[in-house]
Number of protein chains: 2
Amino acid sequence: LRRGAITNLSKMLGRMHPADAARVITHLSSPKEKREVFELVRGEAKRGQVLSELNGDSIQQVLADLLHSDIAWLLKDLGPDDVAYILGFLPEERGKDILALMKTEDSTEVADILKYPKDTAGGIMTTEFFSLPEDATAQEAIRRLQQATDAEMVFYIYVTDKDEHLVGVLSLRQLLTVPPATPLKNIMMRDVMSVAVDMDQEEVARQVASYNLLAIPVVEKDGKLAGIITVDDVVDVIREEATEDMLKMAGAIEEDSVSKSSSFGAAKLRLPWLFTNLVGSLLSGAILWYFRMTLQEVVAIVSFIPVIAAMGGNVGLQSSTLIIRGLATGVVELSDVRTVFFREVKVGLLMGLACGVMLTLVGWAWHQAFLGMVVGTSLVIAFLVSTSMATIMPVVLKRMGVDPAVAAGPFVTTANDITGITIYLSLATLFLDHLR
Amino acid sequence: LRRGAITNLSKMLGRMHPADAARVITHLSSPKEKREVFELVRGEAKRGQVLSELNGDSIQQVLADLLHSDIAWLLKDLGPDDVAYILGFLPEERGKDILALMKTEDSTEVADILKYPKDTAGGIMTTEFFSLPEDATAQEAIRRLQQATDAEMVFYIYVTDKDEHLVGVLSLRQLLTVPPATPLKNIMMRDVMSVAVDMDQEEVARQVASYNLLAIPVVEKDGKLAGIITVDDVVDVIREEATEDMLKMAGAIEEDSVSKSSSFGAAKLRLPWLFTNLVGSLLSGAILWYFRMTLQEVVAIVSFIPVIAAMGGNVGLQSSTLIIRGLATGVVELSDVRTVFFREVKVGLLMGLACGVMLTLVGWAWHQAFLGMVVGTSLVIAFLVSTSMATIMPVVLKRMGVDPAVAAGPFVTTANDITGITIYLSLATLFLDHLR
């Protein structure tokens, strides 16, 4: 970077929201540039915020050369959930060393979060919430609120009993509308929604989204209030999970963003699915080879191999995408499976008939009527098989505890290709006398 | 429904959150059942809330037989954004008649929202926000707050000048921590983020998500404060947009849920993509037919047609999914295109080499070494072409103002199948002497 550019950039970064500065840094290609630009952000508070908005790779690159004490200094004003997020990307030893350099009260809170898996309620909660005992009065609550500077998002005030069990909730506005001496237990809502520390983050997101909450309290097994999850973190979870599902369905498993990891790393992550696919389509090839006599006798048959192979897979992809996304958002439940199954098969049949008739006509015009009929019939059967498999597979996987998104791409598509080709060539061989 | 079941269900519905009751109704299959269960929800306030959580089809079914005056009665306690959402699914005439039966102040607010397209900031905002003039004092603000019963989500207090232009924002907590006589203009933050009424809802969602906001104000062209969008509506937008993109990529355009619309309707919506695909794969078939002499001379060539056809499409799908999702979440920007392009092509080359070597060996072991080499080479070229096209297409479409997700499925996949097969059979024909 040239001298003039540095002054300009430094000014621009000063005016930017930390999230925007983080985006600028993420989009730089070399780790060296990322470090340089990060260093230009002024003030460790803002540097810390920028850090909390970066993705894993950028965090690793930016912090690579920093001393443990410098990192601890950057993290000092962040919430424990953000610190846990950042340290989660560093080697465990390094994380511990950095925590040891922070204030004890801060580091224990962070350690509390780090002990839960990253994708559970405990792993994404913050421990800096605002709670009060049930005997406190509205006036005391307001006074405490004026002093609490580091609690996140105080619109809900959580009320606990003497054992720190969550017993109620009230809104900041309710406090303002009652006489000052009213005890909280008289005005709080006792029916509080909460989630368990070990609940999967996707399920947490589903609850917060469907009940339109701003935050949800997280409780330990014994009912003790452990933390809260705020809606802004839920928004991140929802976006991430959708991205993950899409990538999984395309067989680019777990590669979380385009411009970061090395090409080798990316290739390594994407290859397993391609290999599955390679084996699957070689099987289709073996089936063609097995029927080579048929193909040699009536070469016109080859004209429809791509149609049969592609269409079954595509119809299946439509169905499985609907089911997978439906299961993820809660629109489809496991109990609906029967209804959904019959509906998809019916849709498959309708589309199969439409495409089948069209293919029959094409086959007739292009080669001969009987070949057209064989192709059309094969297509209808292939559609029925595809939609059935595409509906059942994700459900079976979900029941087995496997993420249904993984399956959509590789298995269903390949399996559909194979069955489609088998049906087509078997029918063609069966009626070979009419095709000659 | 039997008598006993009705009593039970009615009790259960009484205890349920409106969102859960709505989910129960959505999952019923017949419109008649939906109406019956909806009628069992007690109290028009709760019935209204349930209504606001239903999807379009269910709203239409549930309201089908109701009088305009009954519907107006159900809507009377809802926020104007929810009323606008519900009326948006009814025929325009009916909506107008219902609005005419509501209180004038409510109906003008709803009409204000309805005049904006559904997927813009204006269409999803609520007009029931809490704003105060800049000369008001903290004490006045608190008093006004105690009276405001219908404003949504008061954690941010928006401050306007005498022309109702948005000039600042402050948090409810800030109000509590200053002397009562302080005018708002002394404590407010002047640098307010806001969005224009005509901004696309996806862009609004992106901003709220990346700046971790709870609500964002919506302003008219002249800077007048028109409404606010709260984070719970943003969460819905994010989920919907992700679903839409996934379905578009699978060619199941605009079908928003599995269990609702008729099978005929669904088939009609999904068929266009299948027809595109049909035409595309018939073209692949025509290419095979064109090269029929080659195929008849060396029938072993057919064994690799499925591999070549499938693999190019799949590699392309990986790349285009990454780009499309990246563009949607803002991880990839149009300015990054060059970097992303070269990276994807490099990844494609690496994976092509890995799969190509494997295919060469398979071809050698199965048929003969030279055929293996032809297949392997074709695959590498096909991968390079696929990744290039898959990266460029979404970007070109985005630049043209078309949603990139639409393109991923149909065009890229089909185009890749065709090029793959053309490359393979051209090479095979070229080196036919060595394959015999």
Side-chain angles (χ1 to χ4, degrees), chain A residues 17 19 29 146 155 172 176-177 209-212 231-232 235 238-239 242-243 246 250-252 257-259 263 266-267 270-271 274 277-278 281-282 284-285 288-289 292 296 299 302-304 306-307 309-310 314 317-318 321-322 325-326 329 331-332 336 339-340 343 346-347 350-351 354-355, chain B residues 17 19 27 29 146 155 172 176-177 209-212 231-232 235 238-239 242-243 246 250-252 257-259 263 266-267 270-271 274 277-278 281-282 284-285 288-289 292 296 299 302-304 306-307 309-310 314 317-318 321-322 325-326 329 331-332 339-340 343 346-347 350-351 354-355:
Chain A
H17 189 285
S29 41
Q146 289 165 344
F155 346 98
L172 189 43
L176 297 174
T177 55
S210 59
Y211 301 132
N212 296 330
V231 67
D232 56 322
V235 167
I238 289 176
R239 293 179 80 176
T243 304
M246 277 192 198
S257 88
V258 171
S259 45
S263 314
R270 294 190 216 168
L271 269 174
L274 287 184
N277 216 271
L278 191 76
S281 45
L282 278 174
S284 298
L288 289 181
W289 178 245
R292 62 191 175 280
Q296 271 183 316
V299 74
V302 298
S303 334
F304 296 104
V307 176
N314 288 328
L317 185 63
Q318 293 181 335
T321 304
L322 278 165
R325 186 62 185 157
T329 55
V331 171
V332 176
D336 298 330
T339 327
V340 171
R343 179 171 183 278
K346 202 169 144 194
V347 175
L350 287 170
M351 297 194 298
C355 293
Chain B
H17 189 283
H27 284 281
S29 41
Q146 289 164 344
F155 345 98
L172 188 44
L176 298 175
T177 56
S210 59
Y211 301 132
N212 297 329
V231 67
D232 55 321
V235 166
I238 290 176
R239 293 179 80 173
T243 304
M246 278 193 199
S257 88
V258 171
S259 46
S263 315
R270 295 190 216 167
L271 269 174
L274 287 184
N277 215 273
L278 191 77
S281 45
L282 279 173
S284 297
L288 289 182
W289 177 245
R292 62 191 176 281
Q296 272 183 315
V299 74
V302 297
S303 336
F304 296 103
V307 176
N314 288 327
L317 185 62
Q318 293 182 334
T321 304
L322 278 164
R325 185 63 185 158
T329 56
V331 172
V332 176
T339 327
V340 171
R343 180 173 183 278
K346 204 168 142 196
V347 176
L350 287 169
M351 297 194 297
C355 294

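None of these values were measured; they are calculated from a predicted model. Convention: sequence-line order gives letters A, B, ...; per-chain numbering from 1.
Panel note: side chain Arg292(B), backbone Trp289(B); a donor-acceptor pair is recorded below 3.5 Å.
Chain B forms more heavy-atom pairs under 4.5 Å with one residue of Leu274(A), Thr177(A), Leu271(A) than with any other, namely Leu274(A). The candidate from Val235(B), Val299(B), Ile238(B) with the greatest count of non-hydrogen atom pairs under 4.5 Å with chain A is Val299(B). For the set Gly285(B), Ala309(B), Ala354(B), the count of heavy-atom pairs under 4.5 angstrom toward chain A peaks at Gly285(B). Counting heavy-atom pairs under 4.5 Å between each of Ser303(B), Ala242(B), Cys355(B) and chain A puts Ser303(B) at the top.
Taking all atoms of both residues into account, the shortest heavy-atom contact from Val302(B) to Leu288(A) is O-CD1, 3.4 Å.
One distance of note links CZ of Arg343(A) with CG of Leu322(A); it measures 7.5 Å at 0.5 Å rounding. Rounded to the nearest 0.5 Å, atoms CE (Met246(A)) and CG (Leu317(B)) are 11.5 Å apart.
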